[in-house]
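To start, the structure itself, in structure tokens.
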Amino acid sequence: MVSRTDRRAAAAARHRLLPGGRVAGPMLWIIAIMMFLTVLAAAAGLGLGAAVRSMSADLAGRASVQVVEANPKQRDQLAARALTALRGADGVRAAAAVDPALLADQIRPWLGEEATSGDLPLPALIDVTLTPGDADAKVAQLRRLLGGLSPALRIEPHAAFLLPLAGLLSALGWLAAGVVLLMTLATGAVVVLAARGAHDSHRGTIEVLHLMGSTDVQIARLFQRRIGLDAMLGSALGFAFAAFVILLIGLRLSATGSELLGAVRLPPIGWAVLALLPVAGVMLATLAARWSVLRALGRAL
């Protein structure tokens, strides 16, 4: 029968560290910095992905109709006819005329007071919301409908204007994913180098443990436990600082009042993914240390 003292001694042996204990040395801070950059890159990729999806959902079913007519009276009459035709057309959920004063306010920063003087002919605009479905086919149908009314009527889907921007955001998101992958590989390489260095500096201790009957797996546990503790603390520090920076950037983006910049935000599932990164970092460091030490011990035999 195993006594309580023997059980305590066995438990202490399982949780024993290498001589010197857990050292908060350079590796801890390197892992903290790498985790900080990895979380920031992952947050950028997730935020840009959410922005692209939000833009696609908001703009896929929207279009604008321009009434390009220089004569103000004829322009108003043509806009009224187009609005009536649009509200009765298939595939149109809603259609509303844009207030000319609002249009003038939006172009005033570029044209100055000439935008409201009346001397500059501005097209009338109609905002169209399409029903869910094939937006391209609905826009083509409405283009034929409006073309039958007057050649001065032009319809343009909103998605066409922001398609290059959506492509840019998607490319930046993939770039962020690549940075996360490179940081993961770099973290594994750092852990391997640290494990090899620890193995070389404890050769005497390893020989004594071998003489006492310890197996390679038992010795590797000592190394992976020590490195795992450093990785856990470093990952926690890096994630905490990265979360603070992400929240600060989010507040700055919200303060701009821009709908485009405001769309770059982290959904709840994004925060869940970021919270898993430190856990994955500790697991990666532990497995890399175990593999590296077992390989070094196998070569030494």
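Counting from 1, the numbers follow the sequence of the chain as shown.
- Each of Ile30 and Val192 belongs to its own hydrophobic cluster when Ile, Leu, Val, Met, Phe, Trp and Tyr are linked at side-chain heavy-atom distances under 4.5 angstrom.
- Counting all heavy atoms, side chain and backbone alike, Ala82 lies closest to Leu149 at CA-CD1, 4.2 Å.
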Without placing hydrogens or testing angles, list every side-chain donor-acceptor pair under 3.5 Å for residues 174-185, not counting sequence neighbours.
residue : atom : partner : partner atom : Å
Thr184  : OG1  : Val180  : O            : 2.8

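- Gly188 approaches Leu284 most closely through the heavy-atom pair N-CD2, 4.2 Å.
- Without hydrogens or angle criteria, Arg143 side chain to Ile155 main chain gives a donor-acceptor distance under 3.5 Å.
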- Message: Is there a side chain to side chain contact (heavy atoms under 4.5 Å, CB included) between Phe241 and Val39? Walk through the geometry before answering.
- Response: CA-CA 10 Å; Phe241 281 107; Val39 173; over 6 Å; no
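- Residues satisfying the salt bridge (Lys or Arg N to Asp or Glu O under 4.0 Å) test with Asp76, not counting sequence neighbours, are none.
- Paired with Val98 under the rule side chain to side chain contact (heavy atoms under 4.5 Å, CB included), one option of Ile126, Leu125, Val65 passes, and it is Leu125.
- Residue Val279 is not grouped with residue Met232 when hydrophobic side chains (ILVMFWY) are merged at heavy-atom distances under 4.5 angstrom, including chains of intermediate members.
- Here CZ of Arg81 is found 12.0 Å from CG of Leu86. Values are rounded to the nearest 0.5 Å.
- Val273 and Leu40 fall within a single hydrophobic cluster, where Ile, Leu, Val, Met, Phe, Trp and Tyr side chains are chained together by heavy-atom contacts under 4.5 Å.
- Counting all heavy atoms, side chain and backbone alike, Leu274 lies closest to Ala42 at CD2-CB, 3.6 Å.
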- Criterion side chain to side chain contact (heavy atoms under 4.5 Å, CB included) on Phe239 and Leu277, from CA distance to verdict: CA-CA 8 Å; Phe239 177 79; Leu277 289 178; 5.7 Å; no
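- A donor-acceptor pair is defined here as one N or O able to donate and one able to accept, closer than 3.5 Å; such a pair exists between the side chain of Arg87 and the backbone of Ala95.
- Here the rule is side chain to side chain contact (heavy atoms under 4.5 Å, CB included) with Ile31, and of Ser235, Pro278, Pro26 only Ser235 fits it.
- Residues near Val68 contribute nothing to a hydrophobic cluster around it, because no ILVMFWY side-chain heavy atom sits closer than 4.5 Å to its side chain.
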- Would Val92 and Thr131 satisfy side chain to side chain contact (heavy atoms under 4.5 Å, CB included), going step by step from the backbone distance to the final call? CA-CA 6 Å; Val92 176; Thr131 57; over 6 Å; no
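- Counting heavy atoms from C-beta on, the side chains of Leu145 and Leu153 never come closer than 4.5 Å.
- Tracing side-chain contacts under 4.5 Å through hydrophobic residues (I, L, V, M, F, W, Y), one reaches Leu46 starting from Leu247; they form part of the same cluster.
- Looking at Trp29 and Leu237, their side chains come closer than 4.5 Å, going by heavy atoms from C-beta outward.
- Within a 6.0 Å radius of CG in Leu248, other residues, nucleotides and ligands contribute more than 12 heavy atoms.
- Arg62 is not listed as a side-chain neighbour of Leu130, based on a closest heavy-atom distance of 4.5 Å or more.
- A continuous path of hydrophobic side-chain contacts links Leu37 to Val191 [ILVMFWY only; heavy atoms under 4.5 Å].
- Here the closest non-hydrogen pair linking Ala194 and Met27 is CB-SD, 3.2 Å.
- Nearest heavy-atom pair across Ala152 and Leu78 is CB-CD2, 3.9 Å.
- Looking at every heavy atom in both residues, Met35 comes nearest to Gly281 through CE-CA, 4.1 Å.
- Summarising the geometry, atom CH2 belonging to Trp271 is positioned 4.5 Å from atom CD1 belonging to Ile246; distances are rounded to the nearest 0.5 Å.
- Thr286 has its side chain out of reach of Ile227: every pair of non-hydrogen atoms, C-beta onward, lies at least 4.5 Å apart.
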